[in-house]
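One structure below.
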Number of protein chains: 2
Amino acid sequence: MKEGPDIAQIGALIGDPARANMLAALTGGRALTATELAGVGGITLQTASTHLAKLEAGGLLAQRKQGRHRYFTLADEAAARLIESMMGFAAGRGHLRHQPGPKEPALRKARICYDHLAGDYGVRMLDSLIASGAIDAVGDGLALTEKGESDLERIGIDVGDLRSSRRPLCRSCLDWSERRAHLAGGLGKALLSSFLDKGWARRTAESRSILFSPEGDRQFLRLFPIET
Amino acid sequence: MKEGPDIAQIGALIGDPARANMLAALTGGRALTATELAGVGGITLQTASTHLAKLEAGGLLAQRKQGRHRYFTLADEAAARLIESMMGFAAGRGHLRHQPGPKEPALRKARICYDHLAGDYGVRMLDSLIASGAIDAVGDGLALTEKGESDLERIGIDVGDLRSSRRPLCRSCLDWSERRAHLAGGLGKALLSSFLDKGWARRTAESRSILFSPEGDRQFLRLFPIET
DNA sequence: GCGATGCTTCGGTTACGATCGAAGTATGAA
DNA sequence: TTCATACTTCGATCGTAACCGAAGCATCGC
């Protein structure tokens, strides 16, 4: 039985709590230093260093040195998707480290998932785009329509530019808190960026949650209505 | 940092080599007994028993007692997809337990992936269905067209019956050996079943590979041509 | 140059969990 | 009833890897 890929290796990599915490933190899309990651992992810097080396060797992380700092990110979108899909599975089986602390509701409302919007707002946005005919949902695949393209150009998204990138425009990503799909891919990233640029929302320092300003909230809900 | 799903738990479950081997074996779709799984894991029955209990508690496996046997399967399609996606990731990063033994080529040509056809033949089938206009590919989603429905009815697939099931008709599943998508979902299962029923192919006893008969091979290649 | 910061490497300790032998329970066969 | 098969539970052993203190590099500011 020595055939096929070795899932035990990456399973073991993700299976250590300290490493899992670091990976989950990096799902926030921000590059973090070894010291910061040691913090989220609840371990000393030395231990974190060995963990990070293992994760990098395993192809889950990439690092970039900058001066005397070492910034770590998830290796690529495939790695991010793997972590997200494990979160989705874990949430579905009730494997939560719940501690429903005060930050929890904010996280469920809107959070960052690698580089796009997730949580209640993420799901709502995709639902609204589908309902308005801006995005076609076929099976579990998504495609931008012509109407969607012009709608989005109107709010300042340069779709042509996104198309020229190698990255898929639309991807669906399963939301672990809502258990439904939200929009990932180049378009998902561009939409979130535009919200941040417009000052409708901002990222928080230590968490993955996204905070909408009162004005941003209003604009978002107006732009992505849902019938109830 | 006690927020979100606990991926470390399932990571650790998959991270043990013996457990990973058992899970990989169950990806073959067959229900296996504890004794058989102990064999594929390379461990004694006692050890396997504790492993299986953990996997079941973790929501990865389901068991069915039948007489004095205990048959284990992957818990559901979500579990199967998780394992497959980890295999895809692992293969992409070169985490192979290669040992390119004699069974390897057969496995790459055609194998079972939970309940549908994978490997070179699986990828070819989907490519051909898309090329002939039987399936629409939108983003990474798949949808059966009207033409596809009538084509498939003609070779004895009862599409109406499949539609009435809760399970999605078409799903794309990333192939770890080919690194491209093949057809999963209810339709993927139905197609493989029909090949087996027609005697075009048969499953092998101890491996996940699917063996096509000379006649079945000919029919399959005729039915799913690809331009080169 | 010097000290300070960020990170890695080394060495030794410790704890967890995988492992198996042996004994115990359930189901089936004779 | 008795024996055999399939599996689980218990108890003890043992290896691995997570962990941290201390020391070693590298880079920055001065």
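Quick note on labels: first sequence line is chain A, next is B, and so on, each numbered from 1.
Heavy atoms from other residues, nucleotides or ligands lying under 6.0 Å from CZ of A:R179 number 12 at most.
Nucleotide D:dC28 holds its C1' atom 15 Å from the CZ atom of A:R70, rounded to whole Å. The CE atom of B:M22 sits 10 Å away from the P atom of C:dA18 (whole-angstrom rounding). Atom NE2 in B:H69 sits roughly 17 Å away from atom P in D:dA4 (whole-Å rounding). The CG atom of B:L37 sits 17 Å away from the C1' atom of C:dT19 (whole-angstrom rounding). Rounded to whole angstrom, the span from the CZ atom of B:R64 across to the P atom of C:dT27 amounts to 17 Å. Summarising the geometry, the separation between NZ on B:K65 and P on D:dC7 is reported as 10 Å, rounded to the nearest angstrom. Here C:dT27 presents its P atom at 14 Å from CD of B:Q66, a figure rounded to the nearest Å. Rounded to whole angstrom, the span from the CD atom of A:Q9 across to the P atom of D:dT16 amounts to 16 Å.
Checked against B:Y121 for a ring-ring contact (aromatic ring centres under 6.0 Å, His included), the options B:F195, B:F220, B:W200, B:F224 give a single hit: B:F220.
Contact check of residues 41-59 of chain A against DNA chain C (heavy atom, cut-off under 4.0 Å) returns A:L45, A:Q46, A:S49.
We find that A:D175 and A:R111 are joined by a salt bridge, their nearest charged nitrogen and carboxylate oxygen being less than 4.0 Å apart. Remark: A:E84 engages A:R208 in a salt bridge, criterion side-chain N to carboxylate O under 4.0 Å. Of the charged side-chain nitrogens involved, at least one lies within less than 4.0 Å of a carboxylate oxygen, so that B:R218 and B:E215 count as a salt-bridged pair. We find that B:D127 and B:R180 are joined by a salt bridge, their nearest charged nitrogen and carboxylate oxygen being less than 4.0 Å apart.
Of the candidates D:dT8, C:dT27, C:dC7, C:dT27 carries the atom nearest the B:R68 side chain, counting heavy atoms from C-beta on. Nearest nucleotide to the B:A34 side chain, out of C:dT27, D:dC7, D:dC28: D:dC7.
With DNA chain D read from its 5' end, the first of the two nearest nucleotides for B:F72 and A:D16 is the one closest to B:F72.
A:D115 is linked by a side chain to side chain donor-acceptor pair (under 3.5 Å) to A:R167, counting only residues two or more places apart in sequence or in another chain.
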